[in-house]
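A, B, ... follow the sequence lines: proteins, then strands. Residue 1 opens every chain.
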Amino acid sequence: MFKLLVMGLKIVLTPSTFLLIAAGTILGTVFGAMPGVSAAMAVALCLPFAYAMNPVVAIAFMSSVYCAAITGGGITAILFKIPGTPSNAPTTFDGYPMAQRGEAGKALGYSLIASAVGGQLAALAMALVTPQLANIGLKFGPSELFAVAFLGLSVLSYLDSDKMVKTLISGLLGLFLACVGMDPMLGVPRFTWGNSTLLSGIEMIPIMIGLFAVTEVLKETQDRSKLEALDTKSDGKMATVLPSFLELWKTKWTMLRSSTLGTIVGILPGAGATIASFLSYAIEKKVGKNAKDLGTGIPDGIVASECANNAATAGSMVPLLSLGIPGGNAAAIMLTALVVKGVQLGPILMKTQPRYMAAVFGSMFLTNIIMVIVSMLIAKIFAKILGVPYYILGPVIIMLATIGSYALANNTGDVVLMATAGIIGYAFVKLGYNPAALVLGLVLGQMCESNFRRAYTLTNGNMKAVFARPITAVIVLICVAMLLTPLFKSLVGKKKA
Amino acid sequence: MKRRNVILMLLALIFGVCATASGKAAGDWKWERKIEIICPWGAGGGADTTLRAFTSALEKVIGVPVVVNNKAGAGGVTGVEFASKQPTDGYTYVLCTPSPLLAQITGQTDYDVYGTIHPLTQLVHDVNIFVTSKDSPYSTYEELKEYCKKNPGKVKCGVMTITGLDAACVAAAWQGDVEAVAYTEGAQLNADILGGHVALGCVGPAEVSALIESGDMKAILSCTEQRLTLPKLDKVQCAGEVGLNAFFGPARGIFYIKGTPEAALKAFEAAAEKAVASKEFQNWAKEQGLDQRPGWKNTADYQAAWDKDYKDLSALFGKK
């Protein structure tokens, strides 16, 4: 394995390749920071450049774009509450409150370091144990994937324990929205009311931008005192403040948990960086040291989300390189580029041409270092907007949100969706419902439903067989234990009283 | 009489001039800016890969950039609908297969796919094969049939759409012994076959060739009239050989929207023929196993094949 590491570094440290990876990192970070441009879209936008490259260099270049895009998405999530990519949505939960308290620089610092650590740990795991990791991925069939999605959904009971019923209703509304479109199993339209646009389901990105960014602007516009506070706090000279070693050490378990989880979820075909970050945040909310304060603006929340989504990028390369099966959309685009170049990814390639794997490892290693510097510079540029008075900043955020929603598919329908989501989000906040719970339901709903129904069909409707698989049983038992804990605690509390 | 002759001659002359003028225009069509081809499916799949290989070859023939715009969703209908809203100035086309047509036929969408897009040139005609994990207790069609008899209801086959061409292959090949199960992502289907979570998969050879070559997967049957000539698949039985009428496979081609200038269509057809015949595209098609059936079809032939597909699939799936 040491040979592979040396080979990877040799490839990426060639001057021309190094420069291309640096360029890929800059492009990826900029694309990632643009709302509406997902990591997969960023890789697709860079495809024409990759076609002109040698295949080994091309995969190294595209890996750097992919990795950096996920990190870049954290910048706008923290500064403006606009998740650059869907996988940065949980970053807004703690990143934005920190920015509101005038700690935007610190929040960005945590986000960058967490991204780099998550990416590095996953890349290391990938380089050392790819075949074994790929085998873990194969053990996750429909019933196991259902259990993973259900684990993510079970966090609904923890998101806002004071308003449990309203949070659950919000989550269920998200699950309902996930049902809109073509039935994943039977291929019949559901809740489309004859509208062919709705056949492909409700787009996640405009909903997220609307619920987070637009709602926030509406809220801030009404809350005058808060506006003044924001105006005086930001003078446009915000700089990223990297956390000290001691501060980072305090989040070590969160980093380790999120990186491991991110890597594993990244490996699973059908999952990806978005599910990884939501799930990681969910787990942190349950087992983290500062679980109670999560969502109020603490570094642990940013670390959980950013570590996991970057680890998932490396994780999704594992099945691609070892089996020729892409672990996510961005990996699928990379596969296309290599196939067009005549490279047939698969188990044999890894044995006969380990250069591809080495190049990806080397690229991710290098990207995670360059990324910190590049992101700091880009964050500085974006932060200049923060110094602008809110009566100008608010419309600027709405403009960015509109462009992001439109850019997704050059479709005005998505802008309408974003605006509707923004208004619903505002009503949610006013009435005490939970927009984050709605997003969680929307993100995990389809994965949860289609895998459960698939597992049910594969076992000929034998419910016992669906849940009897060891991994599924363990995860479901964990879910049940976690769902019952608040109830148990309240019962014990009552007895003591 | 003379007067009538003069009028007729004059009419013939006017008609002739017009015909010559339009003929000249067709030959004179010059590509002045980039061409966009909409792919109604996501990046990484068979349709997208085919289109990208084609555009790469087409650019060299046509002399202007040809870009791919992925507009995935609703089994291809979203992309077709998006294409129909673009200007018909000769610079926007759409890739399509019979899948969106099937969505219309089976009543999944009210959108008139058949009436909106028109065939221009067929690029490739892919095939479907049945694959299973290396650990499965069956390796041939007969062995699987026997296994199904002993274990009724146990064997399920993963497909991408329950009302798609792959599901039609399952129904035709296994005649009720094997149930089709829908997967939304090919990656998950392949992983589930390898992991033993689903017994069979109906896929394209290119998607699994590396796994067959490495021995992690084995092919049971190809949905073709004759045996495939691909390495490692040439010994696999084909549907024609065992007397099954299960030959459905995705034909991928370029379509246009009514109103596109005739001259642009003629120029595109001529350039596409050269691009498909190019060494670059042919080598790629061979590597991908897309040389198993005649691929290229000109506008007239493709129109006829598209009309036949519409008729056959309507008869098979029934208009709901």
As an exercise, state the distance from CG of A:N451 to CG of B:D192, rounded to the nearest 0.5 Å. 8.0 Å
The reported gap from CD in B:Q188 to CG in A:L145 (rounded to nearest 0.5 angstrom) is 5.0 Å
Winner by heavy-atom pair count (cut-off under 4.5 Å) against chain A, out of B:V159, B:L194, B:N283, B:V208: B:L194
Looking at B:A191, B:A182, B:G196, B:G195, which has the largest count of heavy-atom pairs under 4.5 Å with chain A? B:A182
Supply the atom-to-atom distance B:I193 CD1 to A:L138 CG, rounded to the nearest 0.5 angstrom. 11.5 Å
Heavy-atom count around A:F452 CZ within 6.0 Å, excluding the residue itself: above 12? yes
Scored by heavy-atom pairs under 4.5 Å with chain A, the best of B:V181, B:T161, B:V198, B:L211 is B:L211
Taking everything shown except A:F467 itself, do over 12 heavy atoms lie less than 6.0 Å from its CZ? yes
Under 4.5 Å between any side-chain heavy atoms of A:M185 and B:I162, yes or no? no
For B:E280, which atoms come within 4.5 Å of any heavy atom of chain A: side chain, backbone, both, or neither? neither
Contact origin within A:R469 toward chain B - heavy atom pairs under 4.5 Å: side chain
Is there side-chain contact between B:H197 and A:E144, with heavy atoms separated by less than 4.5 Å? yes
Evaluate whether atom OH of B:Y147 has more than 12 neighbouring non-hydrogen atoms of other residues, nucleotides or ligands under 6.0 angstrom away. yes
Give, as side chain, backbone, both or neither, the part of A:D183 having an atom under 4.5 angstrom from any heavy atom of chain B. neither
